[in-house]
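Heavy atoms only: backbone and side chains are in, while hydrogens, waters and symmetry mates are out.
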Amino acid sequence: MTTTKSYLNKVMHDRKSVRKYEANYKIPQSDLEELLIEATTAPSSSNLQPWRFLVIQDDAVKKDLRLIANNQEQVETASAIIAVLGDTEMYNNVEEVYTKNFELGYMDEATKNMMIENSLKLYPNLPKEILKNIATFDAGLISMQIMLLAKDMGYDTVTMGGFNKEAFAERFELTDNLVPIVLIAIGKAAAAAAYGSSRLALNDIAKFI
């Protein structure tokens, strides 16, 4: 069966991991704000939205970060670095989240109260390692949305997990509940900076039963 590829499909295929950027190009603050707002439509465990962001635009700070991020050039030349953090105390926002859902008419009051009660029984009693795993998984979901939305807005990105997370937390004075997860460089690709990459065959990665 032949189908017409959607615009989303085109964006997915056009997105490449870009490591060479126009160093003098600066993304407007309003675009970065719009990007993050739209990205937060991503799903998360119990809708607790554990993602937090540190958007690094200052050239001197990016130079410091490059040392923490294994001297990766794009950390310094991209317009901004979006550090995606996970909040392991995401449950502290449960009342705000579900009260707003109720006020917007997304659920009735009984459901709101049940979700708050169940979340407060579960999440605060989980080991921190499990909470970190939840936050990391949810950060992955929103990171992909950030990259696709960025491409749709005409920007290029690359995600980086290779950096010293302990040094990052110390440099940016993160509280104990905030876990650095990935860095996303965003900017304008330099000429011929992106290249394609192959994928494993479906038969090698999927089994239909």
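- You'll find the side chain of His13 reaches within 4.5 Å of the side chain of Asn9, heavy atoms only.
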Q.
As a quick check of understanding, evaluate salt bridge (Lys or Arg N to Asp or Glu O under 4.0 Å) for Glu76 and Arg66, giving each step before the final call.
A. CA-CA 6 Å; Glu76 197 168 350; Arg66 181 170 178 171; 3.0 Å; yes
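- Residues Leu148 and Met144 form a side-chain contact, since some pair of their non-hydrogen atoms from C-beta on lies under 4.5 Å apart.
- For the 3.5 Å distance criterion, the side chains of Tyr98 and Asn47 fail to qualify, holding no donor opposite an acceptor.
- Hydrophobic cluster membership for Tyr106: Leu104 (Ile, Leu, Val, Met, Phe, Trp, Tyr linked by side-chain heavy atoms under 4.5 Å, directly or transitively).
- When all heavy atoms of Ala39 and Ile146 are compared, the pair lying nearest together is CB-CG1, 3.6 Å.
- Side-chain atoms of Ser45 and Asp138, non-hydrogen and from C-beta on, do get closer than 4.5 Å to each other.
- For the residue pair Thr136 / Asn133, no side-chain donor-acceptor distance below 3.5 Å is found, with atom types taken as modelled.
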Q: With side-chain contact (heavy atoms from CB on, under 4.5 Å) as the test, would you mind laying out the steps for Met90 and Leu131 before giving the verdict?
A: CA-CA 9 Å; Met90 73 288 272; Leu131 291 167; 4.0 Å; yes
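- Side-chain contact annotation: Arg199 with Ser197, donor-acceptor N/O pair under 3.5 Å present.
- Minimum interatomic distance between Trp51 and Ala42 (heavy atoms only, all atoms of both residues): CH2-O, 3.2 Å.
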Contacts under 3.5 angstrom, residues 177-186 side chains, donor-acceptor by atom type, not counting sequence neighbours:
residue: Asn177; atom: OD1; partner: Thr175; partner atom: OG1; Å: 2.6
residue: Asn177; atom: ND2; partner: Asp87; partner atom: OD1; Å: 2.8

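- Between Lys128 and Asp176, some side-chain heavy-atom pair lies under the 4.5 Å cut-off.
- For Glu95, the CD atom is loosely surrounded, since the number of other residues' heavy atoms within 6.0 Å does not exceed 12.
- Of the possible donor and acceptor atoms, one in the side chain of Thr40 sits under 3.5 Å from a partner among the backbone N and O of Ile37.
- The heavy-atom pair separating Gln49 from Ser44 by the smallest distance is N-OG, 3.0 Å.
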Q: Take Asp152 and Tyr7 through the side-chain contact (heavy atoms from CB on, under 4.5 Å) test and state the conclusion after the steps.
A: CA-CA 10 Å; Asp152 185 49; Tyr7 181 72; 2.7 Å; yes
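- Here CD1 of Ile82 is found 10.0 Å from CE of Met147. Values are rounded to the nearest 0.5 Å.
- With Asp58 contributing its side chain and Ala60 its backbone, the two residues share a donor-acceptor pair below 3.5 Å.
- Atom OG1 of residue Thr157 and atom CD of residue Gln74 lie 11.0 Å apart, to the nearest 0.5 angstrom.
- Of all non-hydrogen atoms in Lys16 and Gly196, the two that sit nearest each other are NZ-CA, 4.2 Å.
- Taking the side chain as every heavy atom from C-beta outward, Pro127 and Ile130 approach each other to under 4.5 Å.
- Here Tyr123 pairs with nothing under the ring pair (Phe, Tyr, Trp, His ring centres under 6.0 Å) rule; sequence neighbours left out.
- Expressed to the nearest 0.5 Å, how far CG of Asn92 lies from CD of Glu89 amounts to 5.5 Å.
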Q: Decide side-chain contact (heavy atoms from CB on, under 4.5 Å) for Tyr21 and Asp156; before the verdict, give the C-alpha distance in whole Å, the side-chain angles of both, and the deciding distance to 0.1 Å.
A: CA-CA 9 Å; Tyr21 290 90; Asp156 295 286; 4.2 Å; yes
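- Taking every heavy atom of both residues into account, Gln57 and Lys26 meet most closely at O-NZ, 4.4 Å.
- The minimum heavy-atom distance linking Asp14 with Lys151 is given by the pair O-CE, 3.5 Å.
- Linking ILVMFWY residues whenever their side-chain heavy atoms come closer than 4.5 Å, directly or via other members, places Leu122 and Leu48 in the same cluster.
- Counting only heavy atoms from C-beta outward, the side chains of Leu126 and Ile134 approach each other to under 4.5 Å.
- Within the 3.5 Å criterion, the main-chain N or O of Thr111 finds a donor-acceptor partner in the side chain of Asp108.
- A distance of 14.5 Å separates CD1 of Ile56 from NZ of Lys63, quoted to the nearest 0.5 Å.
- Sparse packing is recorded around CG of Asn24, with 12 or fewer heavy atoms of other residues, nucleotides or ligands lying under 6.0 Å away.
- Using a 4.5 Å cut-off on side-chain heavy atoms (C-beta onward), Tyr91 and Ser119 make no contact.
- Not one N or O on the side chain of Asn101 forms a donor-acceptor pair closer than 3.5 Å with the backbone of Met107.
- Taking 4.5 Å as the limit, some side-chain heavy atom of Val75 sits within range of a side-chain heavy atom of Met160.
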Q.
Assess the residue pair Gln145 and Thr41 against the criterion (side chain to side chain donor-acceptor pair (under 3.5 Å)); give the C-alpha distance rounded to whole Å, side-chain angles, the decisive distance to 0.1 Å, and a yes or no.
A. CA-CA 9 Å; Gln145 295 223 141; Thr41 59; 3.1 Å; yes
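- Clustering of Ile, Leu, Val, Met, Phe, Trp and Tyr side chains at separations under 4.5 Å places Phe137 together with Leu141.
- Atom CE of residue Met115 and atom OG of residue Ser46 lie 5.0 Å apart, to the nearest 0.5 angstrom.
- Remark: Ile142 CD1 to Arg52 CZ distance equals 10.0 Å, nearest 0.5 Å.
- A salt bridge links Lys121 with Glu117: the distance from a Lys NZ or Arg NE/NH1/NH2 to an Asp or Glu carboxylate oxygen falls below 4.0 Å.
- No path of Ile, Leu, Val, Met, Phe, Trp and Tyr side chains, each step under 4.5 Å between heavy atoms, connects Val84 with Leu174, placing them in separate hydrophobic clusters.
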(Q) Between Val55 and Leu36, is the side-chain contact (heavy atoms from CB on, under 4.5 Å) condition met? List the steps. (A) CA-CA 10 Å; Val55 184; Leu36 292 180; 3.8 Å; yes
Only pairs under 3.5 Å count here: list side-chain donor-acceptor contacts from residues 164-173, not counting sequence neighbours, and write none if there are none.
residue: Asn164; atom: OD1; partner: Glu166; partner atom: N; Å: 3.1
residue: Asn164; atom: OD1; partner: Ala167; partner atom: N; Å: 2.8
residue: Lys165; atom: NZ; partner: Gly161; partner atom: O; Å: 2.9
residue: Arg171; atom: NE; partner: Asp64; partner atom: OD2; Å: 3.4
residue: Arg171; atom: NH2; partner: Asp64; partner atom: OD2; Å: 3.2

Kindly list each side-chain donor-acceptor pair under 3.5 angstrom involving residues 28-35, sequence neighbours excluded, with atom names and distances?
residue: Gln29; atom: NE2; partner: Glu33; partner atom: OE2; Å: 3.1
residue: Asp31; atom: OD2; partner: Tyr155; partner atom: OH; Å: 2.5

